[in-house]
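Take a look at the structure set out below.
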2 protein chains.
Amino acid sequence: MMVDDGQLDRSFAALADPVRRAMIARLSRGPATVNELADPFPITKQAVSRHIQVLEAAGLITRTRDGQRRPCHLVPAALEALTSWIDEYRLETERRFRRMEALLKEQES
Amino acid sequence: MMVDDGQLDRSFAALADPVRRAMIARLSRGPATVNELADPFPITKQAVSRHIQVLEAAGLITRTRDGQRRPCHLVPAALEALTSWIDEYRLETERRFRRMEALLKEQES
DNA sequence: TCTATATTCAACACATCAGTTGATCAAGGG
DNA sequence: CCCTTGATCAACTGATGTGTTGAATATAGA
């Protein structure tokens, strides 16, 4: 899975906001419009509309057309790109820890 | 794995910067000091020092003491908390997609 | 066509962030 | 006890982000 640096910037920045994370959670249960996404929050729909644009620019969601509505859809592959990036370094670190543990145990004996 | 909302804010925001991501990559290969982390970048050590503080506040790294040096260490569990959060919603979305595919296939027949 | 609904654009205020320079603190080595 | 090295603090600047209000656009429906 290849993502350019800018996409990582935008994706992580997109998730660094509780409102957008709540939208992600909501969208995991199915598509939703601006109005539906705005409902739980005490902010204007314009603000929600821009949150959606941020998520879309990050590639985390796509939008379709349904009459006047512009439903949002989560893109699981984009989420997977993030976990891949993180896991690469987490797994390397864990491997290193295990190697060090093994070395310490050898020293003891 | 339980993380408060603020930790998610700080963690994702911490990763939304290419300099800090490069530091994470470097630290996955072993501990490093401020000076070592600063080396690849054309910015001052003060700036690097603050990037490190951001990573530490996010819980992504810890620091130890070695004489004058304050080596940084990656915390794999903190990375794992992020992938868990993301995967919850990615997997839910993928399950939903599969259910919809199955339904469509049923309609056809 | 006229009106209501869904969404977006534009311009502004305010806060936060990443970087700088200069001063300061802490630990080791002569 | 100096002096050097590693690291941090403080104050400032410019850029970016999140929210607001008010106007504009687009589609649906009577």
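Atom set for the values below is all heavy atoms of this structure, side chains included, hydrogens, waters and symmetry mates excluded. Just so it is clear: chains get the letters A, B, ... in the order the sequence lines come, proteins before strands, and each one is counted from 1.
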**Q.** B/R96, CZ atom: more than 12 neighbouring heavy atoms under 6.0 Å
**A.** yes
Who are the salt bridge (charged side-chain N to carboxylate O under 4.0 Å, His left out) partners of [X], not counting sequence neighbours?
| X | answer |
| --- | --- |
| A/E94 | A/R90 |
| B/R65 | none |
| B/D9 | A/R21 |

Q. In terms of side-chain geometry, is the basic nitrogen of B/E92 or B/R95 positioned less than 4.0 Å from the acidic oxygen of its partner?
A. yes
Q.
Side-chain heavy atoms nearer than 4.5 Å, only ILVMFWY residues, links allowed to pass through others: does that put B/I24 and B/L27 together?
A. yes
(Q) Quick one about B/E88 and B/S84 (side-chain donor to acceptor, distance below 3.5 Å, no hydrogens or angles considered), yes or no? (A) no
**Q.** Closest contact, heavy atoms only, A/F97 versus B/L74
**A.** CZ-O, 3.9 Å
Q: For DNA chain D, determine which residues of residues 58-66 of chain B have any heavy atom closer than 4.0 angstrom to one of its atoms, and list them numerically.
A: B/R63
Q: Sugar-phosphate means primed atoms, P, OP1 and OP2; the rest is base. With that split, encode nucleotides 16-23 of chain D 5' to 3' as B, S or - using protein heavy atoms under 4.0 Å.
A: --SBBBB-
Q. Can you give the first and last nucleotides of DNA chain C, 5' to 3', that have an atom under 4.0 Å from a heavy atom of chain A?
A. C/dT5 to C/dA11
**Q.** Spacing between B/N35 atom CG and D/dT5 atom P, to the nearest angstrom
**A.** 11 Å
Q) How far apart are the C-alpha atoms of B/K45 and B/N35, what are their side-chain angles, what is the distance that settles it, and do they pass the side chain to side chain contact (heavy atoms under 4.5 Å, CB included) test? A) CA-CA 7 Å; B/K45 299 179 184 189; B/N35 275 298; 2.5 Å; yes
Q: Report the distance from atom CG of A/L15 to atom OH of B/Y89, rounding to the nearest 0.5 Å.
A: 11.0 Å
